[in-house]
Amino acid sequence: MTELRSELIAKRYRAERRFRFYGATALAVTAAFLAVLLVSIVWQGLPAFLEKKIQLEVTVDPAAVDAANPVAGDYDKLLREGLRTLFPEASSRVLRKALNGLISTGGSDDLRSRVVADPSLIGKTLTVPALLSDDADLYLKGQQTGVTRAPGASAIQIAPLEGEEGFLITGDTPEKSPEALPGQLVQAGAVNLRITAAKPGYVTAEALTPMEPAMQQLAAGQWQLVTLSVPEQDRRISDVQALWLEKLKAEGRVETGFNWRFFTAGDSREAELAGVRGALVGSLLTVAVALAFALPLGVAAAIYLEQFAPKNRFTDLIEVNINNLAAVPSIIFGLLGLAVFLNFFGLPRSAPLVGGLVLALLVLPTIIIASRAALKAVPQSITEAALGVGASKQQAVFQHVLPLALPGIMTGTILGLARAFGETAPLLMIGMVAFIADIPSGFTSAATALPVQVFLWSDLPEAAFKSKTAAAIIVLLVVLFALNAAAIYLRKRFERRW
């Protein structure tokens with residue numbers, strides 16, 4: 001009997017150890033998946049918080065900028081002219097278009113602001129930073145293609161091919177000829193060549209920019225061999241643009257800075273100009289409306305149901321429906337908002353007011369349930385003591401029970417609003433999916449929300465918007481973590497144990 005008992009005890013201990021192991025394994029797997037998710041989002045989103053600019057010498061021509069109205073000046077033209085002075089070989093229309101494509105359409109904003117603030121700069125030559133386009137920015141961040149640079153180890157001679165277009169590259173002797181493969185690029189100042197064929201002792205190449213037909217000699221160290229891992233047809237930046245960016249980088253004209261524009265600008269069709277301020281303001285306005293409607297209604301309903309309502313079939317039906325509404329898919333509330341607030345009441349489409357009303361309906365059941373649980377957690381003796389000293393039922397509830405339940409109510413409210421802040425489906429149904437470039441100025445202005453902005457950017461084909469999408473998700477997660485941290489703080493700060 002003793003041996004049997006010992007065996008049963010050992011079996012229970014083994015089962016307990018297995019249960020602990022399974023629990024620890026499940027927790028570790030969950031933590032690993034969460035870590036992979038967060039690391040992946042952060043890794044993809046970090047490049048969006050940085051931006052690349054190039055330093056250009058620009059002459060503020062009075063013919064392009066009128067001193068009487070400097071805001072209307074053609075600053076884009078000034079930047080293009082400043083860039084062309086660095087690359088005189090871009091003489092054809094196609095090359096000029098490719099060169100201009102390195103600068104963003106909003107690259108002249110800094111120059112415009114500077115001249116508008118000080119019109120005395122008109123007629124002077126300035127060194128200004130010009131924002132790069134999204135494709136050039138991604139190239140310099142290493143997200144378009146891998147780049148390998150090898151300085152020329154020997155002297156080479158470049159001569160035009162006889163009887164056909166192209167150039168012949170040879171070394172001092174065959175064994176010193178450059179080790180090159182088709183597709184590799186040769187760069188030296190205004191010389192921009194692409195290797196077309198490699199033969200023993202020499203290679204042939206095509207010119208990416210116009211070159212003098214005469215023979216050119218380049219000493220060791222005066223040229224470099226550039227290898228791009230992704231073929232030209234599979235990336236958005238051409239070989240000649242890559243060589244121009246390499247030259248700008250070698251000259252120290254490329255600078256990296258924090259992308260404040262991402263937090264101060266609204267949405268844009270150009271990835272390098274797009275920001276989250278409009279969506280963030282829209283989300284805050286929407287959640288403010290939801291809070292203004294859901295909190296007083298939810299708390300009032302919870303107080304009535306928990307403290308004053310009679311216990312009968314009607315109140316039981318109400319409680320069952322509240323619990324069911326808490327589990328209804330969010331898109332149903334979007335359909336309700338579309339039918340009631342837009343079609344019936346005629347409220348403005350895509351407005352934070354409508355979005356807030358929809359989200360208020362979404363979180364109202366959650367607030368009611370959390371508030372009732374907080375009120376129920378207050379010991380009944382508090383109410384009985386208040387009634388015993390002559391307080392009315394209303395005084396006992398509002399002056400004694402409600403203050404003690406307030407931390408739990410606020411915790412449930414903040415968690416409900418955190419859910420509302422991350423909702424997308426109901427806002428899509430009421431039109432907040434529209435492209436809104438302006439920052440919303442009020443509750444009835446056209447706006448979008450941060451989760452909807454993430455949805456919109458994720459569907460765009462430009463590669464730069466992938467990084468913007470991840471960065472917007474990071475901002476959204478930070479706000480949600482802040483709301484959850486506030487809920488935890490309130491619970492710990494004001495929690496009472498009875």
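Note that this is a predicted model, so its numbers are computed, not measured.
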Is there a donor-acceptor contact under 3.5 Å from the side chain of [X] to the main chain of [Y]?
X: Asn259; Y: Ala48; result: yes
X: Ser133; Y: Ser104; result: no
X: Lys468; Y: Gly275; result: no
X: Asn321; Y: Leu317; result: yes
X: Ser392; Y: Gln395; result: yes
X: Arg194; Y: Gln184; result: no
X: Ser467; Y: Gln44; result: yes
X: Asn343; Y: Leu338; result: yes
X: Thr145; Y: Ser229; result: yes
X: Thr264; Y: Trp260; result: yes

Review point. Is the Lys NZ or Arg CZ of Arg80 less than 6.0 Å from the centre of Tyr75's six-membered ring, within 45° of the axis?
Key: no
Side-chain donor-acceptor pair present, [X], [Y], cut-off under 3.5 Å:
X: Thr127; Y: Gln55; value: no
X: Glu319; Y: Thr315; value: no
X: Thr469; Y: Ser458; value: no

Check your understanding: Between Lys141 and Asp137, is there a side-chain N and carboxylate O pair less than 4.0 Å apart?
Key -> yes
Practice item. Begin from the C-alpha positions of Leu27 and Tyr22 and carry the test side chain to side chain contact (heavy atoms under 4.5 Å, CB included) through to its verdict. Key: CA-CA 9 Å; Leu27 184 61; Tyr22 295 151; over 6 Å; no
Atom [atom1] of residue position [X] - does it have more than 12 heavy atoms of other residues, nucleotides or ligands inside 6.0 Å?
X: Tyr489; atom1: OH; value: no
X: Phe344; atom1: CZ; value: no
X: Asp459; atom1: CG; value: no
X: Glu255; atom1: CD; value: yes
X: Lys77; atom1: NZ; value: no
X: Lys53; atom1: NZ; value: yes
X: Phe49; atom1: CZ; value: yes
X: Arg149; atom1: CZ; value: yes

Review point. Taking it one step at a time, do Glu51 and Glu272 satisfy side chain to side chain contact (heavy atoms under 4.5 Å, CB included)?
Key: CA-CA 8 Å; Glu51 63 180 9; Glu272 70 276 7; over 6 Å; no
Point to revise | Member of Glu246, Gln144, Gln241 meeting the side chain to side chain donor-acceptor pair (under 3.5 Å) criterion with Tyr139 | key: Glu246
Are any of the side-chain heavy atoms of [X] and [Y] separated by less than 4.5 Å?
X: Thr366; Y: Leu415; value: no
X: Leu280; Y: Phe263; value: no
X: Val378; Y: Leu402; value: no
X: Arg261; Y: Leu273; value: yes
X: Glu16; Y: Phe19; value: no
X: Leu336; Y: Val358; value: no
X: Arg235; Y: Leu228; value: yes
X: Ile414; Y: Arg419; value: no

Which pair of non-hydrogen atoms, one from [X] and one from [Y], has the smallest distance, and what is that distance?
X: Ala274; Y: Phe465; answer: CB-CE2, 4.1 Å
X: Val147; Y: Val226; answer: CG1-CG1, 4.1 Å
X: Val454; Y: Ala472; answer: CG2-CB, 3.7 Å
X: Leu305; Y: Lys311; answer: O-NZ, 3.5 Å
X: Val363; Y: Ala294; answer: CG2-CB, 3.8 Å
X: Ser350; Y: Ala434; answer: OG-CB, 4.4 Å

Could you grab the distance from atom [atom1] of [X] to atom [atom2] of [Y], nearest 0.5 Å is fine?
X: Leu359; Y: Leu417; atom1: CG; atom2: CG; value: 9.0 Å
X: Leu357; Y: Phe293; atom1: CG; atom2: CZ; value: 5.0 Å
X: Leu375; Y: Leu404; atom1: CG; atom2: CG; value: 10.0 Å
X: Leu347; Y: Thr444; atom1: CG; atom2: OG1; value: 10.0 Å
X: Leu111; Y: Asp76; atom1: CG; atom2: CG; value: 9.5 Å
X: Asp239; Y: Leu185; atom1: CG; atom2: CG; value: 4.5 Å

Exercise for review: Take Val276 and Trp457 through the side chain to side chain contact (heavy atoms under 4.5 Å, CB included) test and state the conclusion after the steps.
Suggested key: CA-CA 11 Å; Val276 296; Trp457 283 351; 3.8 Å; yes
Review point. Where do Glu423 and Ser330 land on the side-chain hydrogen bond (donor to acceptor under 3.5 Å, both in side chains) test, with the steps shown first?
Key: CA-CA 8 Å; Glu423 283 292 343; Ser330 60; 3.0 Å; yes
Practice item. I would like to know whether Asp109 and Leu131 meet side chain to side chain contact (heavy atoms under 4.5 Å, CB included); could you show each step before the answer? Key: CA-CA 9 Å; Asp109 291 345; Leu131 182 67; over 6 Å; no
